[in-house]
Amino acid sequence: EEKYLAFVDVLGFSDLVNRIEFREEYDPSFYHTDRNTFGVIASYYRRLLIELLFEKDSNLEITTISDCIIISGKDCFSLLKFLFYLQSNMIYNDGDNIKIIMRGYLTKGNFIHNQKRNLIFGEAYQRALKGEKDTVFPRIEIDDRLIEELNQIPFELLITQDPKDSKYFVNYLIRKKFVDFSERRPLNEFIDKKIEEYRGKLNVQMKYIWLQEYHDRIKNQEITEQDKLKWSYIFSECKRDI
């Protein structure tokens, strides 16, 4: 049947896994370094499934494979909120001093997704998979066929358009304007460090340069009282920050 579908994964996951040194559980140093990045991702997904599916009548189907998460549902609003929480919490997360960046693709079409049977296939799934692979920057891009229905209240805070390539994507950094992350490591420090780290790898460095530009746009954006009302409306049922 026709539903909404998103395919999302962690950028640079292969490098993260290759850096993991598996140690015995009694070694406390394992749990306080980036060697435990995989554990952070796995445990976060588990918390995410518990914390974010707070609506008892949620229609979302969720399948996780390694660092990939596939989410689908008949209600685009619930799915978009889920994607927003997923991506914003990952990048603002400071667990084990790790911030995780993601990319993905949101589309609509015909497919079958049954999480209990671990079954997913169909035309829309293939499009979501290809869309994620074609997404260069750390963002969840939105299929153009969805923009007309998403480009309206209450969606406008949750999506934004890149001024350079005109692509629409989930506006995950806007959460900084409404939630106090003062106790967490500043995002600009993380971005600057990554830009320097990948100075010799331009194909990777460009992702963080894009993230820096996006972050600067959000920092300079003025939030109106109307924006605050929209935010309260969108997230009225969930006042937690995991």
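Checked against side-chain contact (heavy atoms from CB on, under 4.5 Å), Pro163 has the following partners two or more places apart in sequence or in another chain: Arg217. Residues satisfying the ring-ring contact (aromatic ring centres under 6.0 Å, His included) criterion with Tyr172, sequence neighbours excluded, are Tyr214. With sequence neighbours excluded, the residues satisfying ring-ring contact (aromatic ring centres under 6.0 Å, His included) with Tyr208 are Tyr198. For Glu225, the side-chain contact (heavy atoms from CB on, under 4.5 Å) test picks out Lys228, with sequence neighbours left out. Applying the side chain to side chain donor-acceptor pair (under 3.5 Å) criterion to Glu196, with sequence neighbours excluded, gives Arg199. Remark: Phe84 pairs with Trp231, Phe235 by the ring-ring contact (aromatic ring centres under 6.0 Å, His included) rule, at least two apart or across chains. A search for side chain to side chain donor-acceptor pair (under 3.5 Å) contacts involving Glu2 returns nothing, not counting sequence neighbours. By the side chain to side chain donor-acceptor pair (under 3.5 Å) test, Lys130 is found to be paired with Asp134, residues two or more places apart in sequence or in another chain being considered. Take Asp165 and apply the side chain to side chain donor-acceptor pair (under 3.5 Å) test, not counting sequence neighbours, and it matches Arg139. For Lys167, the salt bridge (Lys or Arg N to Asp or Glu O under 4.0 Å) test picks out no residue, with sequence neighbours left out. Contacts of Asp227 classified as side-chain contact (heavy atoms from CB on, under 4.5 Å), with partners at least two apart in sequence or in another chain: Leu157, Phe178, Ile223, Thr224, Lys230.
Using a 4.5 Å cut-off on side-chain heavy atoms (C-beta onward), Ile62 and Phe82 make contact. The shortest side-chain heavy-atom distance between Leu211 and Leu173 falls under the 4.5 Å cut-off. The side-chain heavy atoms of Lys201 and Asn203, taken from C-beta on, include a pair separated by under 4.5 Å. The shortest distance between side-chain heavy atoms of Ile69 and Asp9 does not fall below 4.5 Å. In this structure, the side chains of Phe181 and Leu187 stay at 4.5 Å or more apart for every pair of heavy atoms. Contact check for Tyr168 versus Glu141: no side-chain heavy atoms found under the 4.5 Å cut-off. Counting only heavy atoms from C-beta outward, the side chains of Val8 and Ile70 never approach each other to under 4.5 Å. At least one side-chain heavy atom of Ile234 sits less than 4.5 Å from a side-chain heavy atom of Leu158.
Within 6.0 Å of the NZ atom in Lys74, the count of heavy atoms belonging to other residues, nucleotides or ligands does not exceed 12.
Proximity of a side-chain donor or acceptor of Lys177 to a complementary backbone N or O of Lys219 within less than 3.5 Å is detected. The backbone N or O of Ile140 lies less than 3.5 Å from no partner atom in the side chain of Arg103, so there is not a single donor-acceptor pair. Gln161 places a side-chain N or O within 3.5 Å of a backbone atom of Ser166 that can act as its donor or acceptor partner. Of the possible polar contacts, one joining the Gln87 side chain to the Met102 backbone as a donor-acceptor pair under 3.5 Å is found.
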Exercise. Between Asn89 and Arg175, does a side chain to side chain contact (heavy atoms under 4.5 Å, CB included) hold up when you go through it step by step?
Worked result: CA-CA 9 Å; Asn89 271 298; Arg175 192 168 175 206; 3.0 Å; yes
Problem set entry | Test side chain to side chain contact (heavy atoms under 4.5 Å, CB included) applied to Tyr125 and His113, step by step | CA-CA 9 Å; Tyr125 173 67; His113 186 189; over 6 Å; no
For this session: Give the C-alpha distance, both sets of side-chain angles, the deciding distance and a yes or no for side chain to side chain contact (heavy atoms under 4.5 Å, CB included) between Leu79 and Leu60.
Result: CA-CA 7 Å; Leu79 178 51; Leu60 297 181; 4.1 Å; yes
Exercise. Given Leu5 and Ile71, is the side chain to side chain contact (heavy atoms under 4.5 Å, CB included) satisfied, shown in steps?
Worked result: CA-CA 6 Å; Leu5 173 74; Ile71 317 101; over 6 Å; no
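For residues 104-127, the pairs satisfying salt bridge (charged side-chain N to carboxylate O under 4.0 Å, His left out) are Lys108-Glu149, Glu123-Arg127, Arg127-Asp143, with sequence neighbours left out.
Here Tyr105 and Phe7 keep their ring centres 6.0 angstrom or further from each other.
Screening Val170, Ile142, Ile174, Leu146 for a side chain to side chain contact (heavy atoms under 4.5 Å, CB included) involving Ile159 leaves a single residue, Ile142.
Between Lys3 and Glu61 there is no salt bridge, since no side-chain N of the basic residue sits under 4.0 Å from a carboxylate O of the acidic one.
Scanning all heavy atoms of the two residues, the minimum distance from Tyr4 to Phe111 falls at O-CZ, 3.5 Å.
Side chain to side chain, Asp192 and Gln212 meet the donor-acceptor criterion of an N or O pair below 3.5 Å.
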